[in-house]
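Report on one structure; see the data block that follows.
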Amino acid sequence: MTPPEETATGQEAETAESPPAVSLSVTQPISVLRKRADFLACARAAKAGTDSFLLQGRARDDGTQTVRVGFTASKKTGNAVLRNRAKRRMRALAREVIAAKGQAGWDYVLVAKPGATVSRVYAHMLADLEHAMDRVHNPKPRG
RNA sequence: GCGGAUGGCCGGACGGUCGCGGUGCGUCCAAUCAGCGAUGACGUAUCGAGGAAAGUCCGGACUCCACAAGGCAACGGUGCCGGGUAACGCCCGGCUGGGGAAACCCAAGGGAAAGCGCCACAGAGAACAGACCGCCCCGCAUGUCGGGGUAAGGGUGAAACGGUGGGGUAAGAGCCCACCGCGGGACUGGCAACAGGACCGGCAUGGCAAGCCCCACCGGGAGCAACGCCGAAUAGGGACCUCGCGGGCCGCGCGCCCAAGACCGCCUUGGUCUGGAGGUCCGGGUUGGCAGCUAGAGGGCACCGGCAACGGUGUCACCAGAGGAAUGAUCGUCGAACCGGAGCAAUCCGGGGAACAGAAUCCGGCUUACAGGCCAUCCGCGCAU
RNA sequence: UGGGGUGUAGCCAAGUGGUAAGGCAACGGUUUUUGGUACCGCGUACCGUAGGUUCGAAUCCUACCACCCCAG
């Protein structure tokens, strides 16, 4: 009785991720990074620092098309209120910029900077993120 | 009006646009004949951080583990008395002591005649007292002398064995007296802590218990990352089935021997290791999912009891439930602190743009952080009457 | 979120109520042509912060601050 059910649910779980990515081609579906290993993988990949924050990004190369975004605010950022506000402002940025310009199959991580991420003018942060994404997508080899 | 004391409350306001989390309702989408219609998507309605959500310092609820009951011991905690409470180390009322001109505030505030211990340095002496300098008497060898009396004076110390005055004396001393302090205390008031106190005692009892301790009371341990359920991949464990052994042995198990292979750089010798494959099921179990998870010793209002903390009755509403963790972005109007200017002043003009801080199982407290504002009561001063 | 621990000189640290040891480093001196080594000397502590108990606190009590560790 049980064996056929298990195989069926297993196939369903595998195919569940691909259909939404294929069906929605205009705007990218964004999911949130949750695993610590994913954050560490992004930390080893391309980086682009700005006055507002630090952007890390990488192509997963696992066949799926989902764009995923993670947010990091360490204790250096400040107390809990400042850490949460930094994450929320970065989340708002990601909703505007990464949803439009993010490349399929990539993971992005935004790292807060003490002070700047909370206090910087939002319009400047939008420009910072667009610029940073260009640099992550087209890395310049530096000596 | 100014200065102060106490208690309580608020913690930027309103609106637009784009977004986020929960719940209700509606629509859409499936493996699979029908039924039910999850996750998800969209629409709509509604709700969506705090007075400290914090520190994690106490007390509980809840869950698991341990456990016959009671006593004793050990360990930890609490500590004036009475009350409140589910409970508390919390709160209320009172007492005592201290601070303040007052309103009022502060206090780990039981026991030091149960016992032990400690009190450095200084000082003669530091705790059933003692005698360095003194003071006084006597003796003679008349002095840097000996014996005795004394504890008033000096000096040391945080602390020196009642204080002040008088009498008394060789000098002194509660030796005697007055007042104060101290100890005991009939009796009176109070539930009690305690207060008052006739009378008695010439003074006995230095401090430290946030030193050991004694007395009284309380306490089993761990924590929602507790606990319960479902359970992919990979590796390993157990049970069973099928196929297959290069040869030999036999107890027939996948056991032993030989051959074979790999390694010890290579060769010889020698040594070590390997000696099956596939399938099904079971149990443990990580990522993950579900649940615990929010209706409560809860809140608002009214009345009653109580000085109060609080309790009782009635009534009203449902008021966050996330999980790399929901509150954000932006615009407009108004806006406190603060800054600049004008004015005798009230005030006006311009700038400025809100403190501490974010739920994580849930309650009751404590503590700490906090821009600014509002209300009530009380005390003192000033003015008017 | 819960549980536990540590703060003493630049570093490592001893110190259970009475003037806060010791070592390394630093600094100065001697020896050496110079450096190193060796020897001698020397300073540095509001004992994490603030209150309290006590005559007296690094030590005892209370509150706070900072840092570290453990548990999925």
Side-chain angles (χ1 to χ4, degrees), chain A residues 1-140:
Chain A
M1 295 300 285
T2 43
E5 282 186 2
E6 284 186 351
T7 52
T9 52
Q11 289 174 358
E12 192 181 51
E14 283 183 2
T15 55
E17 290 187 6
S18 46
V22 173
S23 62
L24 297 169
S25 55
V26 179
T27 56
Q28 301 283 351
I30 295 179
S31 65
V32 179
L33 275 188
R34 292 169 196 278
K35 303 286 173 50
R36 177 167 173 77
D38 292 334
F39 281 86
L40 293 176
C42 280
R44 287 192 300 269
K47 299 171 190 168
T50 71
D51 290 340
S52 316
F53 46 77
L54 175 71
L55 175 71
Q56 301 166 340
R58 71 174 186 119
R60 281 196 308 279
D61 293 331
D62 63 350
T64 60
Q65 297 296 302
T66 314
V67 175
R68 300 194 302 178
V69 184
F71 307 94
T72 296
S74 72
K75 270 193 179 173
K76 279 191 217 164
T77 313
N79 58 22
V81 173
L82 293 176
R83 291 200 301 274
N84 283 340
R85 174 148 305 135
K87 283 188 182 179
R88 285 162 181 163
R89 299 196 81 194
M90 292 191 293
R91 217 192 312 276
L93 285 172
R95 211 170 282 129
E96 287 196 47
V97 178
I98 293 183
K101 297 189 67 176
Q103 295 193 353
W106 276 58
D107 283 351
Y108 300 93
V109 171
L110 286 162
V111 182
K113 275 192 177 180
T117 308
V118 173
S119 61
R120 191 165 165 82
V121 176
Y122 187 76
H124 292 169
M125 295 179 75
L126 285 174
D128 285 341
L129 180 55
E130 292 189 15
H131 186 62
M133 289 188 71
D134 290 341
R135 283 164 57 196
V136 168
H137 291 152
N138 307 304
K140 292 179 185 176

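Both Ala73(A) and Arg89(A) lie close to RNA chain B; mapped to their nearest nucleotides by heavy-atom distance, the more 5′-ward contact belongs to Ala73(A). Remark on RNA chain B: of its neighbouring residues Arg88(A) and Phe71(A), the 5'-side contact belongs to Phe71(A), judged by nearest-heavy-atom nucleotide.
As rounded to whole Å, 14 Å separates atom C1' of A325(B) from atom CE of Met90(A). Rounded to an integer number of Å, the gap from CG of Asn84(A) to C1' of U327(B) is 10 Å. Between the P atom of G328(B) and the CZ atom of Arg120(A) lies a distance of 21 Å, rounded to the nearest Å. Atom pair Met125(A):CE and G328(B):C1' shows a separation of 12 Å (rounding to whole Å applied). Distance CG (Asn79(A)) to C1' (U368(B)): 15 Å, rounded to an integer number of Å. In this structure, His124(A) atom NE2 and U330(B) atom C1' are separated by 15 Å, rounded to whole Å. When the C1' atom of U330(B) is taken as reference, atom CG of Leu126(A) falls 10 Å away, rounded to whole Å. Atom pair Ile98(A):CD1 and G19(B):C1' shows a separation of 16 Å (rounding to whole Å applied).
A 3.5 Å limit on both hydrogen-bonding distances identifies U272(B) as the Watson-Crick or G-U partner of A262(B). Pairing for C334(B) goes to G12(B), judged as Watson-Crick or G-U wobble with the two contacts each under 3.5 Å. Judged by Watson-Crick or G-U wobble contacts below 3.5 Å, the nucleotide U242(B) has A277(B) as its partner. Nucleotide G139(B) has C145(B) as its partner under the Watson-Crick or G-U criteria, with both atom distances under 3.5 Å. Using N1 to N3 plus N6-O4 or O6-N4 for Watson-Crick, or N1-O2 and O6-N3 for G-U wobble, each under 3.5 Å, U234(B) pairs with nothing. When both distances must be under 3.5 Å, the Watson-Crick or G-U wobble mate of G41(C) is C27(C). Base pairing annotation: U39(B) forms no Watson-Crick or G-U wobble pair, as no partner gives both donor-acceptor distances under 3.5 Å. As the counterpart of A52(B), no nucleotide is assigned, since no Watson-Crick or G-U wobble pattern has both distances under 3.5 Å.
Between the side chain of Asn79(A) and the backbone N or O of Leu82(A) there is at least one donor-acceptor pair closer than 3.5 Å. Under a 3.5 Å cut-off, the side chain of Arg91(A) and the backbone N or O of Ala86(A) do not form any donor-acceptor pair. In terms of modelled atom types and a separation under 3.5 Å, the side chain of Arg120(A) and the main chain of Gly115(A) share no donor-acceptor contact. No donor-acceptor distance shorter than 3.5 angstrom exists from the side chain of His131(A) to the backbone of Ala127(A), with no hydrogens or angles considered.
Asp128(A) has its side chain out of reach of Leu126(A): every pair of non-hydrogen atoms, C-beta onward, lies at least 4.5 Å apart.
Between the C1' atoms of A52(B) and A66(B), the separation comes to 39 Å (whole Å). When the P atom is used for both U6(C) and A113(B), the distance is 39 Å, rounded to whole Å. Going from the P atom of A209(B) to that of G196(B) covers 26 Å, rounded to whole Å. Taking atom C1' on both nucleotides, C243(B) is separated from C227(B) by 48 Å, rounded to a whole Å. Only the C1' atoms considered, A13(B) is 8 Å distant from G335(B), to the nearest whole Å. A170(B) and U150(B) have their P atoms separated by 15 Å, with the value rounded to a whole Å. Nucleotides G117(B) and G17(C) are separated by 13 Å at their C1' atoms, to the nearest Å. Going from the C1' atom of U327(B) to that of C47(B) covers 13 Å, rounded to whole Å.
Comparing atom distances between the Arg85(A) side chain and each of G324(B), G358(B), G19(B) picks out G358(B) as nearest. Residue Arg91(A) has its side chain nearest to A326(B) when only A326(B), C20(B), G324(B) are considered. Here the side chain of Phe39(A) is nearest to one of A329(B), G324(B), G358(B), namely G324(B).
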Legend entry - Residues Phe71(A), Val111(A); criterion side-chain contact (heavy atoms from CB on, under 4.5 Å); working and verdict: CA-CA 6 Å; Phe71(A) 307 94; Val111(A) 182; over 6 Å; no
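For A345(B), the base adopts the anti conformation, since its glycosidic angle falls more than 90 degrees from zero. An anti base is found at G28(C): its glycosidic angle is more than 90° from 0. Base orientation of C257(B): anti (glycosidic angle beyond 90° from 0).
Taking the 5.5 Å centre cut-off and the 30° plane limit, the aromatic side chain of Tyr122(A) is not classed as stacked on A329(B).
Residue Thr77(A) comes nearest to Arg83(A) through the heavy atom pair CB-CG, 4.1 Å, listed as atom of the first residue, atom of the second, then distance.
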